[in-house]
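Here's the structure, in structure tokens; my notes come after.
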Amino acid sequence: MGIINATPDSFSDGAQLQRSGADSFKIDIDKALSRAEAMVADGATFIDVGGESTRPGAATVSEQEELDRVIPIIKAISTRLDVCISVDTSSPTVMREAINCGAELINDVRALLSPGSIEALIASKAAVCLMHMQGKPGTMQKNASQTSYESVVEEVFEFLRARVEHCLGQGIQRSRLLIDPGFGFGKTVQHNYLLLKKLAHFSELEIPILIGVSRKSMIGEVTGRTVDQRLAGSVAATTFALASGAKIIRTHDVAATMDAIRVNLAYSSAE
Ligand code: 8Y4
């Protein structure tokens with residue numbers, strides 16, 4: 001799953017997607033589209049489009065702003081590329097509009113806990129990724145070190161189990177669900193590595209696992225590297241996730257991640 005950040009404050013690519021000379025933030029659709037095209041050529045089967053930065057400390061955006069950022073990109077990708085479009089949102093309005101424009105997966109870091117989001121999903125055939133987060137994006141990392149998890153693995157597991165149960169009860173079929181332990185979302189580096197080590201435990205839910213470790217601080221903290229130098233570390237973490245059964249890898253670096261996936265497949269099928 002390749003990432004398209006449609007946010008002006010995104011250090012990874014949002015800033016580069018700004019149309020030069022525009023006073024208000026306008027995403028250059030052509031740049032976003034060529035980025036998506038390159039990721040598909042590199043082997044991406046999903047493109048995750050996000051307009052609300054969920055990075056620690058990031059500013060909140062209005063629903064209209066989020067729509068203005070993601071909808072034109074989703075429309076452009078869906079008319080031109082054969083790829084599953086994922087939308088990174090927690091807003092029911094953005095979910096409905098994105099699905100209308102061709103999105104097939106809702107990547108909700110709030111696990112359909114925002115009012116009206118379950119209803120938006122029920123009214124569609126779209127899939128949804130349920131992610132665990134402790135706290136809220138603005139403050140979660142400030143509190144992560146004080147957050148005492150009795151057992152981070154048990155707590156994340158129990159949260160995801162309950163969300164899956166709830167969705168099934170609301171009529172969202174099991175085949176439409178994905179789960180994600182939410183690396184970096186209200187977790188310390190130690191929490192993140194413990195979750196990675198115990199990832200196989202989550203296959204007990206019999207729902208495909210999606211993970212996102214790409215360029216995150218769990219990589220930066222142990223390698224001492226800046227965001228743009230975290231590729232090798234991210235791929236190393238990905239290898240462990242694949243060995244534990246992760247099925248979808250959310251990444252800024254599709255080509256390198258696909259190489260890791262191919263090596264993992266060869267390793268897994270050797271006999
Ligand atoms: C460097 C690079 C530092 C990236 C921080 C970040 C996930 C996700 C994000 C994830 C799912 C991010 C939207 C945070 N992470 N969705 N979204 N899983 N499903 N931070 O792990 O990339 S955004």
Side-chain angles (χ1 to χ4, degrees), residues 1-7 9-16 46-61 66 69-70 84-91 94-95 98 103 105-114 117 126-138 140-141 144 156 159-160 163-164 177-189 191-193 195-196 199 202 207-235 237-238 241 246-254 257:
M1 173 186 279
I3 303 169
I4 298 252
N5 274 321
T7 56
D9 60 338
S10 165
F11 54 85
S12 281
D13 54 15
Q16 293 157 38
F46 295 84
I47 301 288
D48 189 42
V49 183
E52 183 215 15
S53 182
T54 29
R55 278 191 307 122
T60 57
V61 295
E66 214 188 318
R69 289 174 180 184
V70 301
C84 179
I85 302 171
S86 162
V87 60
D88 159 20
T89 190
S90 298
S91 150
V94 177
M95 290 176 187
L105 171 62
I106 303 298
N107 177 25
D108 184 7
V109 300
R110 293 175 186 80
L112 300 183
L113 284 165
S114 302
S117 54
V128 60
C129 178
L130 304 167
M131 197 196 79
H132 174 272
M133 164 163 56
Q134 179 87 267
K136 299 194 181 105
M140 63 191 180
Q141 285 313 103
V156 173
F159 172 85
L160 293 175
R163 291 313 291 155
V164 165
L177 301 177
L178 298 171
I179 52 167
D180 184 336
F183 290 106
F185 286 83
K187 294 157 186 106
T188 64
V189 173
H191 291 147
N192 288 319
Y193 281 97
L195 280 167
L196 182 57
L199 195 66
F202 291 82
I207 305 271
I209 299 169
L210 185 157
I211 64 117
V213 293
S214 182
R215 302 184 188 177
K216 285 186 179 176
S217 53
M218 65 182 284
I219 308 300
E221 296 235 1
V222 301
T223 57
R225 304 219 180 254
T226 58
V227 192
D228 58 328
Q229 302 171 333
R230 296 178 185 169
L231 175 56
S234 301
V235 172
T238 294
K247 295 288 185 250
I248 303 175
I249 312 295
R250 183 180 180 273
T251 180
H252 300 87
D253 304 286
V254 173
T257 301

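For ligands, and for the atoms within them, numbers begin at 1 and follow the listed sequence. In this text, all values refer to a predicted model and were calculated from it rather than measured experimentally.
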Task: Any N or O of G182 closer than 3.5 Å to N or O of ligand 1 - done: no

TODO: Please determine which of D48, T89, D88 meets the side chain to side chain donor-acceptor pair (under 3.5 Å) test together with N107.
DONE: D48

Task: Numbered atoms of ligand 1 (with element) below 4.0 Å of L210, judged on heavy atoms - done: 19 (N)

- [ ] Flag the pair M95 / V128 as yes when at least one side-chain heavy-atom distance between them is below 4.5 Å, and no otherwise.
- [x] no

Open item on the list: Can you confirm whether M218 sits close enough to Y193 that some side-chain heavy atom of one is under 4.5 Å from a side-chain heavy atom of the other?
Closed with: yes

TODO: Kindly confirm or rule out an N or O of R215 lying under 3.5 angstrom from an N or O of ligand 1.
DONE: no

Open item on the list: I want to check something: taking the side chain as every heavy atom from C-beta on, are L105 and L178 in contact at a cut-off of under 4.5 Å?
Closed with: yes

Open item on the list: I want to know if ligand 1 touches S214 in the polar sense, i.e. an N/O pair below 3.5 angstrom.
Closed with: no

Open item on the list: Suppose I only count heavy atoms of N107 and a 4.0 Å limit; which atoms of ligand 1 are within that range?
Closed with: 11 (C), 13 (C), 16 (N), 19 (N)

- [ ] Compare M131, K216, R250 and give the one whose heavy atom is closest to atom 21 (O) of ligand 1.
- [x] K216

TODO: Could you tell me which residues satisfy side-chain hydrogen bond (donor to acceptor under 3.5 Å, both in side chains) with S117, sequence neighbours excluded, listed by chain and number?
DONE: none

Open item on the list: As an exercise, identify every atom of ligand 1 less than 4.0 angstrom from a heavy atom of D88.
Closed with: 13 (C)

Open item on the list: Is there a side-chain contact (heavy atoms from CB on, under 4.5 Å) between L177 and R163? Walk through the geometry before answering.
Closed with: CA-CA 10 Å; L177 301 177; R163 291 313 291 155; over 6 Å; no

